[in-house]
Every structure is written in C-alpha cells, then in structure tokens.
Amino acid sequence: MNTLYSEPIGKRGNHTTMTKWLVFLEQREGIVKQSSIDAWNRVQELAALLPGTVVYGLLPGPASIGQLEGRLAGKGVIYQAGEERLRLYNPQHYMRLVADTLTKEDASTLFFADTALSRDLAPRLSVRLQASLLSGCPTLDDTWPDDGGCRRPVYSGSVIASFLPLRPLRIYTTSSRPTHSAAPFDASSGAHIAFVALEPYAITGEALFPLVRQLAMHKGTTDVAEAGIVIAGGRGMGGQEGFALLEELARTLGGAVGASRPVVDEGWRPHAEQIGQTGKTVAPLLYIACAISGSPQHLAGMGSAGTVVAINRDPHAPIFDVADYGIVGDVHIVLPKLLEALQEFLQKK
Amino acid sequence: MHIAVCLCQVPDTASVIGFVEDTIDLSRVNEVMNPFDEYALEEAVRLKERFEGSVVTMFSVSSSSAKEMLRKGLALGGDRAVLVSARELPDPFQTAMLLSRAITGFYEGALPDLVFCGKHSTDFQSAQVPMMLAELLGISSVSAVIKLHASAEGIEVEREIEGGIEYISVHYPVLFSVEKGLNVPRKTTIKAVMEARKKPIDVLPVTISESPFVTITGMKPLVRKKTCRFVTDPSELVRLLSHEHALF
C-alpha cells in the first residue's frame, strides 16, 4: 500500500495529500435505492468536514441519471457501468467493478448502504482486497474519520461495542437514514457531480459464480427495513385478520407493516416482515408497536427507531420502557379510533 | 455428497450480559447453537437423507468448549464433528481462515460439494464469516437463502432482498448462508442423543497466524430506557406526533 495510509486520516496536518472515498450506489430494476442516496449524502457531509477529501461513486447497471437530479449532495465523480448484464446483481461482475474502481482511484475507503446486496458482496471484497470490513455501522459520527472506528449495538442491543479497523483499506456497510442528521444536507444547492460512463469489459470464468436469473419485486409495498414509518403487530392482534387494521394504518401513513416473531411463527405474516433478533433490524422515524409486549429479542430489532408508540393492554409490558408514547388498552378498540383520528387529521391538513 | 456445516455458539437470548467494572462479563451466559445455524444443519441433513451416501461434517471455531453444541449437532443428524480450538477470540476474517483450513484439511485438499452456514450469528450480527469463507475456499456462494432445491446437476435457490426475491441458479461446489424460513429444524430424540455420544468429535488445536482485520476496543452496557408519556385519547396522540415530532 502507499504512504497515504501512514497516518490516521483526521490527524493529517497538511491537506496536500488527497484522501479518496468510494460510495457504492445500488440499483434495483433501474431505480437507485434511497439507502444508497442517503449513504452518498452522509459521506459528502463528512467529506466537507475534511479538506482534501474527494468522493467517487460507482453505479453498476442501467439506471437513468435523471432520477438523481436534486437528490445528491456535494461534489464528485460517479462512474456508471450501465451495461444491461449488470442490471441483475452478479457478485462476480460487481466485485471486479468495485475492485477495479478502488484501484484506479487509489481510494482508501469504500462505503455501502447496509443491504442484502452489500452483506453478500462486502465480505468477499474484504478478503480479496485485504480490507477491514465494518458491517452494519449506524450513521457515522462527525468525529468518525479520526480512527475509522464505528460503534454499534451487539448482544441483542444490550451492549454497545466499538469496532476499529486495522487495515489501511476500509469497507463500511452503513445505514445513513437522514433521520439521524440534525441538519439535513441541502441536496439541491451547490451540488456538482459528474457522471462518467465506464467502458464494458470482457469477463471470463462465468460459470464459477451464481447467476441471478430473475428478480421479482413485491409491487406497491414498502419493505419494512426501508420504511420511514413501521406499524408492527404482535400475538395480541389475535390472528391474520387483525392485521387488516395495521395494513390500513400503514396505507394511511405511507408506512409498512411489521410483525413480532410469534406472529411469523404462527404463519399469520411472512418472515420478510419479522422484526427482531431472527428477523430484520429497523430504524424508522416512527414505530408503532401494537399488542407487542417487547421481548429482548424484539427490542433488538427496533432499538434504534426514532419515535416509538406502544399500544398494549398490559400497563407493565416492557415495550412501554422503550416507548415515547403509550396507550394502555385493547388494540381492537384503540386502533380503529387511532385510524379515524389520523384520517381526520390528514384530511384537514 | 460431501456436506460441510459451520456452527457457532451464541448466548441464549434469555442470558443476562453483565459488566464487572468496565469489562463485559459473560460468565453467567448460557451458550447455545446459533439459531440460524440450526437451519443450516437441518438443510444439510435433509439433503443427506435425499442423496444416498452423503456425509454431513460439522465445523466449529471456538475459544471455549463447543463440544456440547457439536454433540447436539450429531444428535440432529450430523455425522462427524471438527472442533477448531483457538486460544484467543478470532475476528471474522481469522475465523473464516481457520474454518477454511479445517475444511481443506479434513477433505485432504479437495472441496466439499456444499457448505452451509447460518446467515449471521445473533450475538454480533456481522454476517461476514460465511462469504469470507467462500472467498477463501474459492467457491461460489449465495447469502440469506430462503428456498433451496438441489439436483445432481446444480441448485436453484431464492434469496430475499429488500422488497423482493432473487431467483438464482448455481453449480457445485457452493456455500450457502441460510435465512430463517428455509425449513423447520427437527428436535433431538433421546435415542439420537444416546447415539450421538458414540460419534467422534475431532479436536484441532490451532494457533492463529494471520493478523485480524478488525478489533473491538471496548464494550459498554447500552440502556435504551425512555420515559413513556401515556395518553388516553388517540386524537391527542396524533396531535403530539404531528406537532412535537413533525411526523406527518
């Protein structure tokens, strides 16, 4: 490796040396994921605090540049490999693209949004590039670049651990919801981003890697891991039918329905909606827990949510200990009233 | 078919993680098989039952004793067990290195047809070891598999991504990390537990020669307690969420 890495990034006195960061932008069916845009904007915010830092982007697959207009902050160059064969995720092609771009730009840090794709790709890249990988980092603090460390909850959210990278090259998978940023970065002002199309190149050894034949997206629904508002139900919803109310609430608020583990184990809801230790980890702006008692396993999956509302019959349910607002009562009575109040409020608005 | 399964131990979710002064105290923790590894083992055993002559070998890297867990694995249908006993706690890269060496050593330089791992361990949830191991073994891999159909020629799998499903075809040899929902693991029976006692567990003491990629510099208890404001009227709640938090 070169001398760029001889000192911690933040301690470098003279800024004549350039620090280069690369942000991976993920598209699905030609749509760049909001989580990738959030990651780019957060990285830009951090780069602005460190003179001499240049940010690059890499967008594999065909995606229109127009959709990004006014949504990306800061300045930099985004490389797009717009080939049709990169539309579906292909670990072999994607890995080579990332590795080549990192090498070409001599970048020292690679950022991914924390998604199913980055959890698949980043560990292989870490080994191939001999890079430290820090997975699932919440929004990076403003003090982050000092040592490149990240703090995140472990052991079902009962412990917070500080992870420190030991290799000069670093990879982060991070959730950079703008919710965590006190002053959101104004994406439209002063952004100066150049898009550069990458030349297609020949790839050999095709058969060695898995082939994604098809991607089927669930239409018209937001994934619970990506929703800004989550309405989650527990066993106390009483059955599959009980969730109709939660779906109605989710539609009204533009959110997604989530479920606790017993609900999924009963087969009332699909596993894709499960929140908790053996399900998804979510960090929405608003989390409404309906008839969820709040086991440690469940709290592990929603501990980073912004505002938490709990509705439960039992005033001593542990969920109230992590809630901002609580209503003690039967969900079957409270929820219709809440829905009505919401609809009325939104109509007046 | 040669099938390898990687298993690890995690604290039982009911366990209390304590702190003595500023140091984490895991002495009161009850260690169990990582829940996601149960799905991995179950899938391996189901394939063994379908493809005659298959052997399921379990591998575990542990700094403490994982023998009890491996015994359980044997009772659940595993045929052989290899305990890679490391003196210090390895990071994910070192763990993957140790597993890779144990696997290539066990199969004498050849590769198993299939390697199964859990999607992640529930304690640290890094989800790094499985895909790192695939890279080190030089085989293809698919993470977070929720459906799997194997034939003699290849395997069709499904992976859940945010808001959708990927349909994937892959050839042997391949490593899968598995997601909850792939199967419903069987329970042990008394007879199986008795028989498992007779099966061998190979212990492979190792020293870690590679440097770690990542280190943990500190752990602190995380208290998330909030002060809950109780309301009785749902309209009041709507007003508060809108006015105080600008949520809608």
Side-chain angles (χ1 to χ4, degrees), chain A residues 115-116 119-120 123-124 126-128 132-136 153-167 207-218 223 225-226 253 271-272 277-278 285-286 296-297 303 307 320-328 334 337-338 341-342 345, chain B residues 11 13 17 24 35-36 93 96 122-128 131-132 134-136 140 142-144 159-171 174 180-181 211-222 224-226 228-232 234-235 237-238 240-242 245 247-248:
Chain A
T115 64
R119 293 269 175 159
D120 194 79
R124 291 196 81 120
S126 163
V127 169
R128 191 163 292 191
S132 291
L133 169 59
L134 291 98
S135 305
V154 296
Y155 292 119
S156 309
S158 61
V159 175
I160 187 143
S162 304
F163 293 84
L164 192 71
L166 299 172
R167 304 284 311 167
L208 200 74
F209 270 77
L211 182 69
V212 179
R213 288 178 288 106
Q214 192 200 336
L215 169 64
M217 298 298 279
H218 311 309
D223 190 82
E226 298 182 326
L253 290 170
H271 173 256
Q277 200 175 42
T278 49
L285 283 163
L286 174 62
Q297 294 93 309
T307 306
F320 289 120
D321 293 338
V322 296
D324 299 278
Y325 298 100
I327 297 182
V328 179
V334 176
K337 285 187 192 160
L338 178 62
L342 265 171
F345 181 88
Chain B
T13 44
I17 314 264
I24 192 160
F36 288 101
F93 169 68
T122 55
D123 51 1
F124 281 76
Q125 302 192 313
S126 299
Q128 295 184 0
M131 299 298 113
M132 283 181 163
E135 180 70 17
L136 290 167
S140 54
V142 184
S143 61
R159 165 172 53 203
E160 226 166 52
I161 66 156
E162 297 80 11
I165 291 172
E166 285 182 331
Y167 298 85
I168 301 164
S169 303
V170 64
H171 298 284
V174 55
K180 184 187 172 184
S211 304
F213 282 7
V214 174
T215 187
I216 292 176
T217 53
M219 295 209 227
K220 280 187 198 146
L222 178 60
R224 281 217 170 100
K225 209 165 158 54
K226 288 180 171 178
C228 184
R229 177 168 169 184
F230 286 94
V231 293
T232 46
S235 333
L237 177 66
V238 172
L240 285 166
L241 292 176
S242 169
H245 302 276
L247 284 166
F248 32 80

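Note that the structure is a prediction, hence the values are computed from the model and not measured.
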- Step by step, would you call A:Leu164 with B:Ile216 a side-chain contact (heavy atoms from CB on, under 4.5 Å)? CA-CA 6 Å; A:Leu164 192 71; B:Ile216 292 176; over 6 Å; no
Looking at [X] and [Y], what are the two nearest heavy atoms and their distance?
| X | Y | answer |
| --- | --- | --- |
| A:Asp120 | B:Met131 | O-CG, 3.6 Å |
| B:Lys226 | A:Val322 | CD-O, 3.2 Å |
| B:Pro234 | A:Lys337 | CG-CB, 3.7 Å |
| B:Cys228 | A:Gly326 | SG-N, 3.4 Å |
| B:Met132 | A:Pro123 | CG-O, 3.5 Å |

Who among [options] has the most heavy-atom pairs with chain A under 4.5 Å?
| options | answer |
| --- | --- |
| B:Ser143, B:Ser169, B:Ala144 | B:Ser169 |
| B:Ser235, B:Ser126, B:Pro11, B:Pro35 | B:Ser126 |
| B:Gln125, B:Arg159, B:Glu160, B:Gln128 | B:Gln128 |
| B:Ala96, B:Gly181, B:Ala134 | B:Ala134 |
| B:Thr232, B:Ile161, B:Val174, B:Leu241 | B:Ile161 |

Counting heavy-atom pairs under 4.5 Å with chain B, which one of [options] comes out on top?
| options | result |
| --- | --- |
| A:Leu253, A:Leu134, A:Leu338 | A:Leu338 |
| A:Ala216, A:Ala161, A:Pro153, A:Ser156 | A:Ala216 |
| A:Val334, A:Ile160, A:Thr115 | A:Ile160 |
| A:Leu166, A:Leu133, A:Val154, A:Asp223 | A:Leu166 |
| A:Ala323, A:Pro296, A:Pro165, A:Ala272 | A:Ala323 |

- Message: Can you confirm whether or not the ring centre of B:Phe230 sits under 6.0 Å from the ring centre of A:Tyr325?
- Response: no
Heavy-atom donor-acceptor pair, [X] side chain to [Y] backbone, under 3.5 Å:
| X | Y | value |
| --- | --- | --- |
| B:Arg224 | A:Ser158 | no |
| A:Ser132 | B:Phe213 | yes |
| B:Glu162 | A:Glu226 | no |
| A:Asp321 | B:Lys225 | no |

Heavy-atom distances under 4.5 Å only: say whether [X] touches chain A with side chain, backbone, both or neither.
| X | result |
| --- | --- |
| B:Phe124 | both |
| B:Ile17 | side chain |
| B:Leu237 | side chain |

- Item | Toward chain B, the part of A:Gln214 with a non-hydrogen atom under 4.5 Å | both
- For A:Phe345, is it the side chain, the backbone, both, or neither that has a heavy atom closer than 4.5 Å to a heavy atom of chain B? side chain
- Applying side-chain contact (heavy atoms from CB on, under 4.5 Å), run through A:Leu215 and B:Tyr167 and close with a yes or a no. CA-CA 6 Å; A:Leu215 169 64; B:Tyr167 298 85; over 6 Å; no
- Task: Apply side-chain contact (heavy atoms from CB on, under 4.5 Å) to B:Thr217 and A:Phe163, showing your working.
- Result: CA-CA 6 Å; B:Thr217 53; A:Phe163 293 84; over 6 Å; no
- Message: B:Leu247 vs A:Thr307, test: side-chain contact (heavy atoms from CB on, under 4.5 Å). Steps then yes/no.
- Response: CA-CA 9 Å; B:Leu247 284 166; A:Thr307 306; 4.1 Å; yes
- Min side-chain heavy-atom separation B:Leu136-A:Val127 under 4.5 Å: yes
